[in-house]
2 protein chains.
Amino acid sequence: MTTISAVAKAAGVSVSTVSHVLNKTRYVSPEKVKLVMDTVEAIGYIPNALARSLKLSSTGTIGLVISAISNPYFSDIICAIEAECSKRGLIVFLCDTQDDPDRELELVQHLHQRRVDGIILAPSGDPKRSLDYLIEADLPCVLVDRLSDSRFDQVGTDNVAAIRMLVDHLVTLHHKRVGIILGQPGFATTVERMNAFRAAMTENGIEVPDDLISDSNNNTADATASTHRLLELTEPPTAILASNNLTMIGAMRAIRERGLRVPEDISVLGIDDFEWADYFEPRLTLIAQPCDEIGRKAADLLIERIGNKRRPRETIRLLPLLRVRESCGEAA
Amino acid sequence: MTTISAVAKAAGVSVSTVSHVLNKTRYVSPEKVKLVMDTVEAIGYIPNALARSLKLSSTGTIGLVISAISNPYFSDIICAIEAECSKRGLIVFLCDTQDDPDRELELVQHLHQRRVDGIILAPSGDPKRSLDYLIEADLPCVLVDRLSDSRFDQVGTDNVAAIRMLVDHLVTLHHKRVGIILGQPGFATTVERMNAFRAAMTENGIEVPDDLISDSNNNTADATASTHRLLELTEPPTAILASNNLTMIGAMRAIRERGLRVPEDISVLGIDDFEWADYFEPRLTLIAQPCDEIGRKAADLLIERIGNKRRPRETIRLLPLLRVRESCGEAA
DNA sequence: CATCGAAACGTTTGCGCAATCGTTTTTTCT
DNA sequence: AGAAAAAACGATTGCGCAAACGTTTCGATG
């Protein structure tokens with residue numbers, strides 16, 4: 001592997017001249033600049049970013065720690081973050097915690113060893129140890145999606161607004177018995193959406209019996225079971241609200257298994273838009289989370305914090321969009 | 001930031017003892033081991049992986065250069081690669097070329113500067129410069145999805161088999177006029193699938209007129225237009241084969257815009273399975289690519305190659321799965 | 001034509017670590 | 001008891017780089 005001193009020797013100049021030419025950190029005469037550049041080209045020199053980072057104690061890297069990268073919602077966020085970071089000359093370490101708090105802590109520590117400039121974290125269900133570590137290490141960090149700790153910058157969807165949009169839509173269509181299929185246990189989003197649901201229904205003068213609120217669901221299979229349970233009630237709901245994309249898949253499965261038609265027999269709506277939702281039946285009425293903006297804002301905030309560790313914390317709640325399609329009809 | 005010599009000083013031992021304790025690279029007496037470990041804990045020492053990598057000239061990182069991470073197909077592959085690498089103690093730099101060859105080259109060079117141990121690349125439409133660079137730099141690399149260069153290890157779907165499965169299915173259902181909506185121009189997969197389609201049809205004694213083969217399509221909008229064109233033919237196809245997930249969305253859009261029913265008015269099938277395909281209408285008959293296995297194999301191969309740069313190249317074609325659902329019916 | 005200052009470049013250090021080379025202490029064997 | 005071998009650890013170097021510090025050269029000025 002060629003080094004800066006190999007270039008210096010070949011060009012007959014000092015290492016500092018080469019360094020300064022490459023980094024444009026001080027004036028060097030045009031002839032020497034050309035000489036150095038030609039030599040770099042000739043011997044195929046590629047700077048060693050490790051040595052550079054060691055010296056500068058800054059790596060130009062950030063860690064992206066996601067609780068489940070297979071989830072399309074996170075894919076969109078990852079995509080936006082990568083794009084934004086790339087634009088700023090940063091490069092991203094991608095890690096998947098699989099929602100395991102132990103793994104999460106390990107990954108955070110690992111990234112710290114690698115001296116990332118900062119971390120964007122979608123916290124697991126029990127992120128306390130990781131978060132404490134990040135604070136302790138004074139490592140710049142912004143939380144996305146599941147906002148649970150005011151010691152950090154945070155970016156996510158305004159879940160209260162999202163649920164309210166859905167409930168308003170339901171109310172407009174005269175639904176009074178609405179079942180909600182909740183997401184994973186422990187997640188801030190799950191709790192937020194449940195509470196927002198209760199609150200929004202109450203605001204509209206509708207009582208929510210406990211049996212219309214499912215248990216939390218770890219996966220689509222759980223969500224299917226939960227949906228079946230709601231549909232078996234003596235007085236079943238006229239509409240089902242799936243609180244994320246996984247639960248929606250699960251709910252649709254249950255509905256299909258029972259041979260129910262949407263929206264004729266039951267209305268369905270939920271959170272997390274799908275790209276194909278316009279072209280397949282039932283055409284789902286969904287909340288589209290602003291993934292792009294979440295990703296961009298998260299990267300922005302992180303870069304700000306890296307630049308100034310003592311700036312005040314920010315929590316940003318972005319407004320989602322309700323895409324009304326056809327899966328939620330008038331209540332019977 | 002604490003260093004190894006700070007630990008040494010605090011513990012009253014030499015830096016080499018600390019290093020050897022941490023890396024278990026030579027015998028150290030149990031008392032000193034405990035002393036060192038306690039001190040590490042006490043002062044909160046975190047090894048600097050940059051310095052370590054600089055010394056060892058190996059980083060434990062790989063670059064994952066994908067042409068479009070927003071594509072769910074690639075999401076699945078990314079997920080599998082991350083999982084496999086994580087299992088092996090490697091960490092992944094994720095980059096998106098956005099199918100831009102210039103960007104692709106830049107990213108490859110950037111990763112080289114960062115001294116990644118190797119790269120997994122989903123090549124853009126015109127990857128020559130990047131590939132030449134990788135060869136020149138002697139950087140371990142495996143290609144995924146678009147296999148186009150025998151100088152590298154490669155892993156992808158057996159597209160010939162995939163198309164043959166679809167064509168066999170079509171033939172069984174007596175389709176003779178089948179239109180194909182092709183993917184992006186320049187991609188190896190696009191060419192492979194087109195040729196395989198021609199070959200498989202011919203094998204079945206079916207002639208394929210040129211007007212049933214769409215132009216290549218850069219995005220869903222293009223695919224929609226192409227589908228409209230096929231459907232406007234004086235003798236339109238009885239079935240549409242969408243050669244990937246993007247073109248499928250585009251094709252379904254066109255079909256919906258014309259008010260056609262699937263499969264009653266037209267049959268549809270294609271490549272790239274969707275998680276929700278079982279629960280929405282029309283239930284698409286699709287080829288499921290073995291994304292998991294592709295990701296795992298790619299990581300495997302890369303690790304092998306990193307271990308031994310002179311081992312023979314391998315090209316692995318993995319068999320996909322046909323999921324027969326209901327979108328492809330009997331020909332009229 | 002000395003002097004001074006700026007222009008242009010070179011020498012060297014230290015970032016944090018692994019590991020080579022070396023030293024000291026203890027044990028073993030005759 | 002003395003020598004040799006083994007056990008346990010320490011001093012130092014070099015990985016490749018940025019930049020602080022130092023040196024040389026040369027033109028301008030009084």
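Chain identifiers are assigned alphabetically (A, B, ...) following the order of the sequence lines, protein sequences preceding nucleic acid strands; residue numbering begins at 1 within each chain. Hydrogens, waters and symmetry mates are skipped; everything else that's a heavy atom, side chains included, is used. The shown structure was predicted, so the numbers you read here are calculated from the model rather than taken from an experiment.
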To check you understand the geometry: which heavy-atom pair defines the closest contact between [X] and [Y], and what is its length?
X	Y	answer
Asp138(A)	Lys309(A)	O-NZ, 2.7 Å
Val144(B)	Leu147(B)	C-CD2, 4.0 Å
Leu22(B)	Tyr45(B)	CD1-CE2, 3.6 Å
Asp145(A)	Gln289(A)	OD1-OE1, 4.4 Å

Contact list for residues 77-96 of chain A, test ring-ring contact (aromatic ring centres under 6.0 Å, His included), sequence neighbours left out =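 Found Phe93(A)-Phe93(B).
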Might you work through the side chain to side chain contact (heavy atoms under 4.5 Å, CB included) test for Glu84(B) and Lys87(B), ending with a clear yes or no?
-> CA-CA 5 Å; Glu84(B) 187 66 22; Lys87(B) 209 183 296 172; 3.5 Å; yes
Can you pull out how bent the helix from dC1(C)-dG30(D) to dT30(C)-dA1(D) is, comparing the axes over its first five and last five pairs, to 10°?
->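 End-to-end axis angle: 50°.
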In numerical order, the residues of residues 28-47 of chain A whose heavy atoms come under 4.0 Å of DNA chain D are Tyr45(A), Pro47(A)
Can you list everything that forms a salt bridge (charged side-chain N to carboxylate O under 4.0 Å, His left out) with [X]? Sequence neighbours excluded, please.
X	result
Glu192(B)	Arg317(B)
Asp153(A)	Arg305(A)
Lys24(B)	none

How does protein contact run along nucleotides 19-25 of chain C, one letter per nucleotide 5' to 3', with B for base contact, S for sugar-phosphate only, - for none, heavy atoms under 4.0 Å?
-> B-B----
Using a heavy-atom cut-off of 4.0 Å to chain B, what are the terminal contacting nucleotides of DNA chain D, in 5' to 3' order?
->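 With heavy atoms of chain B under 4.0 Å away, the range is dA8(D) to dG16(D).
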Using the side chain to side chain donor-acceptor pair (under 3.5 Å) rule, collect all pairs that involve residues 118-130 of chain B, keeping only residues at least two apart or in two chains.
->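 For residues 118-130 of chain B: Asp102(B)-Arg129(B), Glu104(B)-Ser124(B), Glu104(B)-Ser130(B), Lys128(B)-Asp132(B).
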List in numerical order all residues of residues 3-14 of chain B for which some heavy atom is under 4.0 Å away from an atom belonging to DNA chain C.
->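 Hits under 4.0 Å, by residue number: Thr3(B), Ile4(B).
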Any chance you could lay out the side chain to side chain contact (heavy atoms under 4.5 Å, CB included) test for Arg88(A) and Leu302(A), step after step, and finish with the verdict?
-> CA-CA 12 Å; Arg88(A) 317 289 201 95; Leu302(A) 184 61; over 6 Å; no
Please tabulate, for the side chains in residues 106-113 of chain B, all donor-acceptor contacts under 3.5 angstrom to protein atoms that are two or more places apart in sequence or on a different chain.
residue: His110(B); atom: NE2; partner: Arg114(B); partner atom: NH1; Å: 2.6
residue: His112(B); atom: ND1; partner: Tyr133(B); partner atom: OH; Å: 2.8

Is it true that Arg296(A) and Glu293(A) have a side-chain N and a carboxylate O under 4.0 angstrom from each other?
-> no
Please examine the side chains of Leu121(B) and Leu131(B), heavy atoms only from C-beta on, and report whether any two atoms are closer than 4.5 Å.
-> yes
Kindly write out the residues that satisfy side chain to side chain contact (heavy atoms under 4.5 Å, CB included) with Thr59(B), not counting sequence neighbours, or none if the list is empty.
->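 So Thr59(B) forms a side chain to side chain contact (heavy atoms under 4.5 Å, CB included) with Leu50(A), Ser53(B), Thr61(B), Arg115(B), Asp117(B).
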Expressed in angstrom and rounded to an integer, what is the separation of Leu54(A) atom CG from dC17(C) atom P?
-> 9 Å
